[in-house]
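Inspection log for the structure reproduced underneath, given as structure tokens.
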Amino acid sequence: MFAPLLLAASILIGDAEDLSLTARAEAQRKVEQARYAFVIGNTQPLDELYPRSVFEARVAREAAEEEVLKRVFGMVVTPALLAEEFARIEKTTRAPDQWEAIKKALGHDRRLIEETFCRPPLVQRALRARFAFDRSIHAQPHQ
């Protein structure tokens, strides 16, 4: 069912990184598993609550959002931006135990953490900011 989404996402991601969509979905599952350990009263196994298709769909949506950021607003997520996002999270997290659990779940692999955990919020923030202040998008309502 989600294979077409993953195919579309793989086309959208292009050569920005060489991390496969399957690897991204699996990494996001590991992140959610690490977070889920902190949920009070968690009685159901994570895989019952969130099947693999949830993570595959999330990866596809994130790839589409990043493509919009690139195509419409001309912004490309660079390794430097990812490093800044990692540093921002590292400095400002209000849940250091969860942040450490997430890093551990991803094997303390800085690149994997940046690609699968730091990239999505960076892209979403950039998209919201550029959309909110884009004069061509909002010109007609302001006339």
Side-chain angles (χ1 to χ4, degrees), residues 1-138 140-141:
M1 177 178 176
F2 287 97
L5 284 175
L6 287 178
L7 176 60
S10 66
I11 292 166
L12 294 174
I13 286 180
D15 58 9
E17 347 42 59
D18 59 356
L19 191 61
S20 76
L21 294 169
T22 303
R24 285 178 182 282
E26 179 58 25
Q28 287 197 359
R29 191 188 70 73
K30 288 178 182 179
V31 166
E32 288 307 317
Q33 193 144 32
R35 286 177 162 169
Y36 190 60
F38 289 88
V39 174
I40 296 171
N42 62 2
T43 57
Q44 279 186 283
L46 180 79
D47 291 331
E48 284 181 19
L49 293 171
Y50 301 105
R52 181 167 303 281
S53 60
V54 168
F55 301 108
E56 292 169 348
R58 183 186 298 173
V59 167
R61 186 193 73 242
E62 290 167 354
E65 289 171 351
E66 189 166 352
E67 178 60 21
V68 169
L69 185 64
K70 181 179 177 183
R71 188 175 30 83
V72 175
F73 298 108
M75 180 184 166
V76 176
V77 177
T78 64
L81 289 172
L82 291 171
E84 287 175 20
E85 182 68 6
F86 183 95
R88 183 193 69 76
I89 294 168
E90 191 83 3
K91 278 193 242 178
T92 63
T93 184
R94 294 185 193 167
D97 293 342
Q98 286 187 40
W99 175 232
E100 285 303 316
I102 289 165
K103 291 189 294 186
K104 182 180 178 185
L106 296 176
H108 293 282
D109 180 336
R110 172 81 182 243
R111 181 179 164 274
L112 185 60
I113 296 165
E114 287 177 352
E115 286 295 329
T116 60
F117 189 79
C118 299
R119 183 178 289 270
L122 174 66
V123 168
Q124 289 173 358
R125 239 187 1 268
L127 258 179
R128 280 194 309 272
R130 279 161 178 74
F131 177 80
F133 296 104
D134 188 280
R135 290 182 182 203
S136 64
I137 292 172
H138 301 293
Q140 196 169 16

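Heads up: numbering here begins at 1 and tracks the sequence.
- With sequence neighbours excluded, no residue satisfies side-chain contact (heavy atoms from CB on, under 4.5 Å) with R94.
- Judged as a side-chain contact (heavy atoms from CB on, under 4.5 Å), and not counting sequence neighbours, the contacts of E84 are L81.
- Here F38 pairs with D97, Q98, A101 under the side-chain contact (heavy atoms from CB on, under 4.5 Å) rule; sequence neighbours left out.
- When the salt bridge (charged side-chain N to carboxylate O under 4.0 Å, His left out) test is applied to E85, the partners found at least two apart in sequence or on another chain are R88, R125.
- The minimum heavy-atom distance between C118 and I89, with the atom names listed, is SG-CD1, 3.9 Å.
- Contact check on R29 versus E26 returns a salt bridge, with a Lys/Arg side-chain nitrogen under 4.0 Å from an Asp/Glu carboxylate oxygen.
- By the salt bridge (charged side-chain N to carboxylate O under 4.0 Å, His left out) test, K103 pairs with E90, E100, sequence neighbours left out.
- With sequence neighbours excluded, no residue forms a side-chain contact (heavy atoms from CB on, under 4.5 Å) with A37.
- Looking at residues two or more places apart in sequence or on another chain, you find a salt bridge (charged side-chain N to carboxylate O under 4.0 Å, His left out) between R58 and E32.
- F86 pairs by the ring pair (Phe, Tyr, Trp, His ring centres under 6.0 Å) definition with W99, not counting sequence neighbours.
- Residues Q28 and E62 are in side-chain contact: their nearest non-hydrogen atoms beyond the backbone lie under 4.5 Å apart.
- Legend: residues meeting salt bridge (charged side-chain N to carboxylate O under 4.0 Å, His left out) with D109, ordered by chain and number and at least two apart, are absent.
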Using residues 43-51 as the side-chain source, report each donor-acceptor pair under 3.5 Å to any protein atom, sequence neighbours left out, with the distance given to one decimal.
{"from": "Q44", "atom 1": "NE2", "to": "E48", "atom 2": "OE1", "distance (Å)": "3.4"}

